There are 2 protein chains.
Amino acid sequence: MTTIRDVAKEAGVSVATVSRVLNETGYVHEDTRKKVQNAIQILNYSPNEVARSLYKRESRLIGLLLPDITNPFFPLLARGIEDEIHRQGFRVIFGNSDEDLQKEMDYISTFIQNNVVGIISATNNPDNSNYQNLEIPVVFLDRTSNNYPSVYADGKIGGRIAAEEIIQRGSRNITLLKGPTHVRPAQERFQGSLQALSESDVDFQVINTSSFSFEEAKKWSKELFQKYPDTDGVIASNDIVATAVLHEALRIGKKIPDDVQIIGFDDIPQSSLLFPALSTIKQPAYDMGMEAAMLLTKLVRKQHVEIKTIKMDVTFMERQTTRKVKAHG
Amino acid sequence: MTTIRDVAKEAGVSVATVSRVLNETGYVHEDTRKKVQNAIQILNYSPNEVARSLYKRESRLIGLLLPDITNPFFPLLARGIEDEIHRQGFRVIFGNSDEDLQKEMDYISTFIQNNVVGIISATNNPDNSNYQNLEIPVVFLDRTSNNYPSVYADGKIGGRIAAEEIIQRGSRNITLLKGPTHVRPAQERFQGSLQALSESDVDFQVINTSSFSFEEAKKWSKELFQKYPDTDGVIASNDIVATAVLHEALRIGKKIPDDVQIIGFDDIPQSSLLFPALSTIKQPAYDMGMEAAMLLTKLVRKQHVEIKTIKMDVTFMERQTTRKVKAHG
DNA sequence: TTGAAAGCGCTACCAA
DNA sequence: TTGGTAGCGCTTTCAA
């Protein structure tokens with residue numbers, strides 16, 4: 001391992017001078033700079049981040065806490081974050097929390113122990129004490145509170161759009177899947193749909209679904225078509241659940257979208273790969289990650305930020321589980 | 001920020017003693033230990049990993065380099081790694097390389113700068129100089145060479161199984177998709193299939209596919225059924241490509257699996273969610289990640305490891321894009 | 001424009 | 001069984 005000392009010796013200057021050229025701080029004569037840079041080259045030196053971090057009491061690391069990277073909504077988010085963070089010269093320490101508060105706490109404390117300069121967390125518990133007395137900025141992502149810097153998609157509007165689109169495309173007897181009570185954005189979508197539905201003149205019913213697991217969703221799907229055989233439109237709590245509904249509908253011989261229309265939520269990558277491809281409300285996951293990273297790095301750099309709560313637009317992705325809108329006239 | 005000094009003062013002992021109880025090294029009287037632990041409690045102290053890392057010249061971090069976490073094969077891998085690494089008390093710094101050597105080099109050097117104790121890398125270039133003179137253990141994952149510690153699935157056998165299964169299930173005119181030349185495991189599968197096919201008495205043809213992109217795969221799928229309309233079996237280079245083939249087959253009105261059987265490779269989570277669900281050769285991604293993490297931590301701890309090259313078994317996942325085997329007799 | 005030296009928080013040696 | 005202290009590699013004052 002080659003240190004700043006070695007470079008100083010090689011260049012015939014003091015470590016202070018080497019540090020100056022490394023950090024481009026203070027005065028250093030052009031000739032000296034060249035000597036130092038030359039020595040750095042020769043020795044193939046790169047500074048030890050750990051020593052730097054110890055002295056400055058801050059690293060170039062940020063902590064990223066996601067519920068579960070195998071949930072297909074998160075890879076794009078993570079990628080958006082990592083790309084932007086990387087662009088800004090930071091690196092990410094990553095952990096899966098499984099929405100477990102104890103695990104969250106563990107990770108946060110190791111983040112702190114490693115001098116991370118900021119944290120991005122997709123948690124259901126932004127108000128938990130885990131996050132209270134941190135001396136570093138935290139940005140909440142997706143599952144979010146309004147009291148802290150956060151980036152999230154507009155679930156209320158998303159839910160509303162889903163309902164409006166499915167009605168406009170002809171469903172008259174709609175089943176709405178509620179989604180897990182403890183997942184805030186799921187509840188917002190649900191409320192959005194519910195409201196639109198209640199303002200309309202279609203029949204509808206609600207099925208309470210308590211997780212996003214595909215296996216469980218299969219059961220609810222069976223239940224759905226047994227209990228409400230006249231359903232001609234389903235608004236699912238997310239794309240995984242929508243996929244299960246689609247399977248079940250196909251299995252029992254329903255024509256999609258002629259007999260039943262289905263709308264999901266999220267637009268995870270596989271939704272467009274289904275057959276028929278799933279119509280859904282898209283959350284711009286990659287961009288959300290990028291925005292969160294940009295917000296965090298601004299906060300880290302103590303730059304002034306006008307808006308600490310970024311609400312992202314959602315869009316209806318028209319694919320093959322919904323019918324075409326009839327042209328007017 | 002509370003330091004070891006504060007704890008020492010609070011407990012009325014020296015920092016050396018505090019360090020001893022922290023690390024459970026050397027002698028320390030039971031009463032003293034209690035005093036110290038009490039002080040730690042009171043001050044809610046947790047040691048600074050950075051200072052520790054600086055002194056010991058090693059952190060509790062490992063570096064993880066994946067081509068792209070949004071490629072659906074990798075989240076499960078990543079999760080397997082992270083779970084095991086976490087269990088062993090380490091954390092992971094994560095980066096996407098996009099299979100770009102420059103980016104790989106960047107990440108590796110920041111890993112080193114942060115004193116990581118080991119690296120897990122899924123790279124096409126394990127023999128690249130990036131990895132040569134590292135003083136820390138590296139485990140290669142998935143895309144791998146035999147000269148270094150590595151964990152990979154048996155592509156040769158996988159390819160063979162795919163061919164054998166599709167033949168056994170009745171395909172007589174098989175199209176084999178080759179997969180990107182620069183991706184080693186893809187070529188091994190291809191070779192495995194090719195060999196089995198050439199030893200059999202079925203007709204077959206090869207289409208050269210140069211990436212795993214879904215969009216490109218759509219084009220090849222069109223080409224496939226135009227050029228070889230009599231194809232009654234397709235062995236795809238991975239599940240993404242198989243999905244594209246499935247779409248195209250369905251689109252032009254083929255019955256699956258009656259007219260055409262399709263077999264993929266990987267068993268990414270969405271494959272079982274397709275309709276019809278995709279038959280494929282499964283790579284045990286989660287377990288591969290776990291094995292890689294276990295291998296790495298052993299190497300890090302300088303434990304003796306018999307086998308540094310772990311070949312994982314692949315299995316045929318029979319789903320709905322292949323026919324049932326007829327019972328004998 | 002440069003160098004000497006203190007100190008970031010911790011571990012481990014040596015002496016008591 | 002405990003404490004003093006050097007030193008990990010770096011940055012930053014202060015003095016020259």
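Residue numbers begin at 1 in each chain, while the letters A, B, ... track the order of the sequences. None of the values given here were measured: they were computed from a predicted structure.
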Let me have the donor-acceptor pairs involving side chains of residues 107-121 of chain A, under 3.5 Å, with sequence neighbours excluded, atom names and distances please.
{"residue": "A:Tyr107", "atom": "OH", "partner": "B:Glu82", "partner atom": "OE1", "Å": "3.3"}
{"residue": "A:Tyr107", "atom": "OH", "partner": "B:Glu82", "partner atom": "OE2", "Å": "2.2"}
{"residue": "A:Ser109", "atom": "OG", "partner": "A:Asp106", "partner atom": "O", "Å": "3.3"}
{"residue": "A:Thr110", "atom": "OG1", "partner": "A:Tyr107", "partner atom": "O", "Å": "3.0"}
{"residue": "A:Thr110", "atom": "OG1", "partner": "B:Arg91", "partner atom": "NE", "Å": "3.1"}
{"residue": "A:Asn114", "atom": "ND2", "partner": "A:Thr110", "partner atom": "O", "Å": "2.8"}
{"residue": "A:Asn115", "atom": "ND2", "partner": "A:Ser53", "partner atom": "O", "Å": "3.3"}
{"residue": "A:Asn115", "atom": "ND2", "partner": "A:Ser53", "partner atom": "OG", "Å": "3.1"}
{"residue": "A:Ser121", "atom": "OG", "partner": "A:Tyr131", "partner atom": "OH", "Å": "2.7"}

Exercise. Taking atom P of D:dT11 as reference, at what distance in whole Å does atom NZ of A:Lys56 sit?
Worked result: 7 Å
Exercise. Under the salt bridge (Lys or Arg N to Asp or Glu O under 4.0 Å) test, which residues partner B:Arg87, sequence neighbours left out?
Worked result: B:Glu84
Seminar exercise, completed: Note: chain B reaches DNA chain C at heavy-atom distances under 4.0 Å over the stretch, first to last nt, 5' to 3', of C:dG9 to C:dC13
Exercise. Tell me: CG of B:Asn115 to P of D:dG9, nearest whole Å?
Worked result: 9 Å
Exercise. Going by heavy atoms in the side chains, are B:Gln88 and B:Val300 under 4.5 Å from each other?
Worked result: no
Exercise. Under the salt bridge (Lys or Arg N to Asp or Glu O under 4.0 Å) rule, what pairs show up with a residue in residues 61-70 of chain B, not counting sequence neighbours?
Worked result: A:Arg79-B:Asp68
For this session: Rounded to 10°, tell me the angle between the two end axes of the helix from C:dT1-D:dA16 to C:dA16-D:dT1, each built from five pairs.
Result: 40°
Problem set entry | Within residues 4-11 of chain B, residues whose heavy atoms come under 4.0 Å of DNA chain D | none
Side-chain donor-acceptor contacts of residues 285-293 of chain A below 3.5 Å, not counting sequence neighbours, with atom names and distances?
{"residue": "A:Tyr286", "atom": "OH", "partner": "A:Asp83", "partner atom": "OD2", "Å": "2.5"}

For this session: Please identify each residue that fulfils salt bridge (Lys or Arg N to Asp or Glu O under 4.0 Å) with B:Lys56, with sequence neighbours left out.
Result: none
Problem set entry | Which atom of B:Ser97 lies closest to which atom of B:Glu104, heavy atoms considered | CB-CG, 3.6 Å
Exercise. When all nucleic acid strands are considered with a 4.0 Å heavy-atom cut-off, which category describes A:Val13: base, sugar-phosphate, or nothing?
Worked result: sugar-phosphate
Exercise. Who pairs with B:Glu30 by salt bridge (Lys or Arg N to Asp or Glu O under 4.0 Å), at least two apart in sequence or on another chain?
Worked result: B:Arg33
For this session: List for me each residue that meets side-chain hydrogen bond (donor to acceptor under 3.5 Å, both in side chains) alongside B:Asp100, sequence neighbours excluded, and say none if there are none.
Result: none
Exercise. Is there a donor-acceptor contact under 3.5 Å from the side chain of B:Asn23 to the main chain of B:Thr25?
Worked result: no
Exercise. What residue pairs, at least two apart or across chains, pass ring-ring contact (aromatic ring centres under 6.0 Å, His included) with a residue in residues 5-61 of chain A?
Worked result: none
Exercise. How many Å lie between CG on B:Leu54 and C1' on D:dA6, as a whole number?
Worked result: 13 Å
Seminar exercise, completed: CG of B:Leu54 to CG of A:Asn48, rounded to nearest 0.5 Å, is 6.5 Å
Exercise. For DNA chain C, what residues of residues 19-39 of chain A have any heavy atom nearer than 4.0 Å?
Worked result: A:Arg20, A:Tyr27, A:Val28, A:His29, A:Thr32
Exercise. Taking atom CG of B:Leu61 and atom CD1 of A:Ile93, what is their separation to the nearest 0.5 Å?
Worked result: 4.5 Å
For this session: Respond yes when some side-chain nitrogen or oxygen of B:Arg57 is under 4.0 Å from OP1 or OP2 of D:dG7, and no when none is.
Result: no
